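Structure first, commentary second.
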There are 2 protein chains.
Amino acid sequence: MSDVAANVLGTQVDADSEEAFLQAYDAGEFEHPSVTVDVALLSAWEHQLFTLVIRRAEHPFRGCWALPGGFVGMQESLDEAAARVLRDKAGLEGVFLEQLYTFGDPQRDPRTRVITVAYYALVDSARFRGVNVDEADRGVAVIDVPWEAETGGPVEFADEQGGTLLTAFDHSAIVGMAVKRIRGKLNYTPVGFQLLPLEFTLRDLQVVHETVRGHPVNKDSFRRRMLASGELEATGRRQGDVGHRPAELYRFARRSAV
Amino acid sequence: MSDVAANVLGTQVDADSEEAFLQAYDAGEFEHPSVTVDVALLSAWEHQLFTLVIRRAEHPFRGCWALPGGFVGMQESLDEAAARVLRDKAGLEGVFLEQLYTFGDPQRDPRTRVITVAYYALVDSARFRGVNVDEADRGVAVIDVPWEAETGGPVEFADEQGGTLLTAFDHSAIVGMAVKRIRGKLNYTPVGFQLLPLEFTLRDLQVVHETVRGHPVNKDSFRRRMLASGELEATGRRQGDVGHRPAELYRFARRSAV
DNA sequence: TGAATAGTGTCTATAAGACAATATCCC
DNA sequence: GGGATATTGTCTTATAGACACTATTCA
């Protein structure tokens, strides 16, 4: 195969043999799938996990709730596309955002082949509540995780009164994978901070861990572990307006510029 | 926007507003990126990690070494595409194969926009050596990891004499991510078995762990931890042909059908 | 003062690291 | 028997869980 042929084909990434070329050609190489990003924006308060959903106005899944998403532009990276979606659809910038998994079942979108690169983002509850939830098609879904630990699998969405929300596409599997990922991450990284404001008490942090993991954690050993980790920085200030002894406020020692 | 418009567009995944529609349209929605899968096939022996590479016959990166890869067919899932690549390019079936990360930098392929969904696969050294390495364009690359623990970052490829191998595209970053992933997995899953034959000694398993992690592990506690995990099953047989007391052979208790 | 949670100190159980002692194979 | 590694047992140290006790704030 000549370089010219490779250029005409235009998309040949692994032209290591004639067979590979022919195979790619036979597979209808001129037809390409669509590529999108979907973002599971997670937050936590009152011992519940939440995610931002948007009501679909059109078929398929009209009236169902979907994660914010959009097409990947030809000139932007995947990370940039995800950040753009988060900015345009949730008005959020500078939050924790990480690639999660790519979903590519040929039937996942009934119209045409759409491969989606799923991301997940974490924000504290104040910023999450500040998202334009006023708009009629925006919604806050309570995440109901029907499995323990890191088993994995789809989750269910409910409104804040407990009513089931119908989910579009495979988005409940995406959020399920996000929950599984963040549960795993809690074991060895300080990702829980991303769900809290800049300053927080040890109890706040413990509640976040319990919410994500779905079960209580030992208070004593949690405090010891967190303080020994070196990731926390005491501010010297204390919380106010509580009907009991106020706890000291801490800050994440290497919080990335937000 | 009407359903008809959505169908004409054909790829509209999140038609929640007129703005979203226009934005997708303006972004040149009829132009789609190419989507490929690349597979980092890893194995380990003699305290070194190896990966299968294929020499590129054409530009770009002519003469450099690339991971086996191929286009995702319009009718196959991502997992199926990765399994097909592994079968066609390495002659392997039924091995551990898992999605790793999706690389989508707009400049990663100099010809056109190619988004690749990277996978990694694990095989024992005997099966790896059985791969058609005889063909002139197949190669075995020694993986040199220039970072500790789970820092992450690209790795370097060398031939078995220590000479540097030039890497195509971002494939050294893909393998770097695979090494990072498997190092993390060793902490909480029995993925090390995938790099060993059906039966193995505790020392074999320890050497695999040391090879992946890049540093020695404590023998006593390693043995205790593995035996206590319940993942190992003693076969009652012992290894032969060694110039010392032969160790007992174990088997992974829930080894998936291979 | 009482309610409520923060924070400290101590004891116990479990897992990891260190190391010595014994076992078993091939030569 | 000698060389080499397997396997067991014991001691020490670090960490987690349990729990009692003291501290501090507001109502």
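These numbers come from a predicted model, not from an experiment. In the text below, chain A, chain B and the rest are named by the order of the sequence lines, each starting its count at 1.
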Between C1' on dA16(C) and CE on M226(B), what's the gap in Å once rounded to a whole number? 13 Å

Side chains of D144(B) and V155(B): closer than 4.5 Å at any heavy-atom pair? no

For the residue pair V117(A) and F103(A), establish whether any side-chain heavy-atom pair is separated by less than 4.5 Å. no

Quickly work out the Q239(B) CD to dA4(D) C1' distance and round it to whole Å. 12 Å

With a 4.0 Å cutoff (strictly under), does any side-chain N or O of S221(B) reach OP1 or OP2 of dA15(C)? no

Roughly, in whole Å, what's the span from CZ in F200(A) to P in dA6(C)? 14 Å

Rounding to an integer number of Å, can you tell me how far Y188(A) OH sits from dT15(D) P? 21 Å

Are T36(A) and T116(A) close enough that a side-chain donor and a side-chain acceptor fall under 3.5 Å? yes

Can you see if the side chain of R225(B) gets near the phosphate of dA15(C) - specifically, an N or O under 4.0 Å from OP1 or OP2? no

Please list, pair by pair, any protein nitrogen or oxygen found under 3.5 Å from a nitrogen or oxygen in nucleotides 19-21 of chain C.
from	atom 1	to	atom 2	distance (Å)
dC19(C)	N4	D220(B)	OD1	2.8
dC19(C)	N4	D220(B)	OD2	3.1

What are the residues of residues 201-211 of chain A, sorted by number, that bring a heavy atom to within less than 4.0 Å of DNA chain C? R203(A)

Can you see whether D204(B) engages Y250(B) through a side-chain donor-acceptor pair at a distance of less than 3.5 angstrom? no

Please report the distance, rounded to the nearest Å, between CG in L227(B) and P in dG9(D). 13 Å

Return the polar atom pairs (N/O with N/O) between nucleotides 25-27 of chain D and the protein under 3.5 Å, or none.
from	atom 1	to	atom 2	distance (Å)
dT25(D)	O2	R245(A)	N	3.3

Can you check whether E210(B) reaches H215(B) side chain to side chain, under 4.5 Å on heavy atoms? no

Please state how far atom CZ in R224(A) lies from atom P in dT8(C), giving the value in whole angstrom units. 12 Å

So, E160(A) side chain and V140(A) main chain: donor-acceptor pair closer than 3.5 Å or not? no

Ring centroid separation for F200(A) and F193(A), is it under 6.0 angstrom? yes

Could you tell me how far apart F222(B) (CZ) and dA6(D) (P) are, to the nearest whole angstrom? 12 Å

When rounded to whole Å, the CG to C1' distance for the pair N187(B) and dA16(C) reads 15 Å

With a 4.5 Å limit on heavy-atom distance, are the side chains of Y101(B) and Y101(A) in contact? no

Report yes if a side-chain nitrogen or oxygen of R223(A) is closer than 4.0 Å to either non-bridging phosphate oxygen (OP1 or OP2) of dA6(C); otherwise report no. no

With the threshold set at 4.0 Å, does a side-chain nitrogen-carboxylate oxygen contact exist between K185(A) and E98(A)? yes

Note, I54(B) side chain near W65(B) side chain (heavy atom, < 4.5 Å): no

Can you find a pair of side-chain heavy atoms, one from Q239(A) and one from E199(A), that are under 4.5 Å apart? no

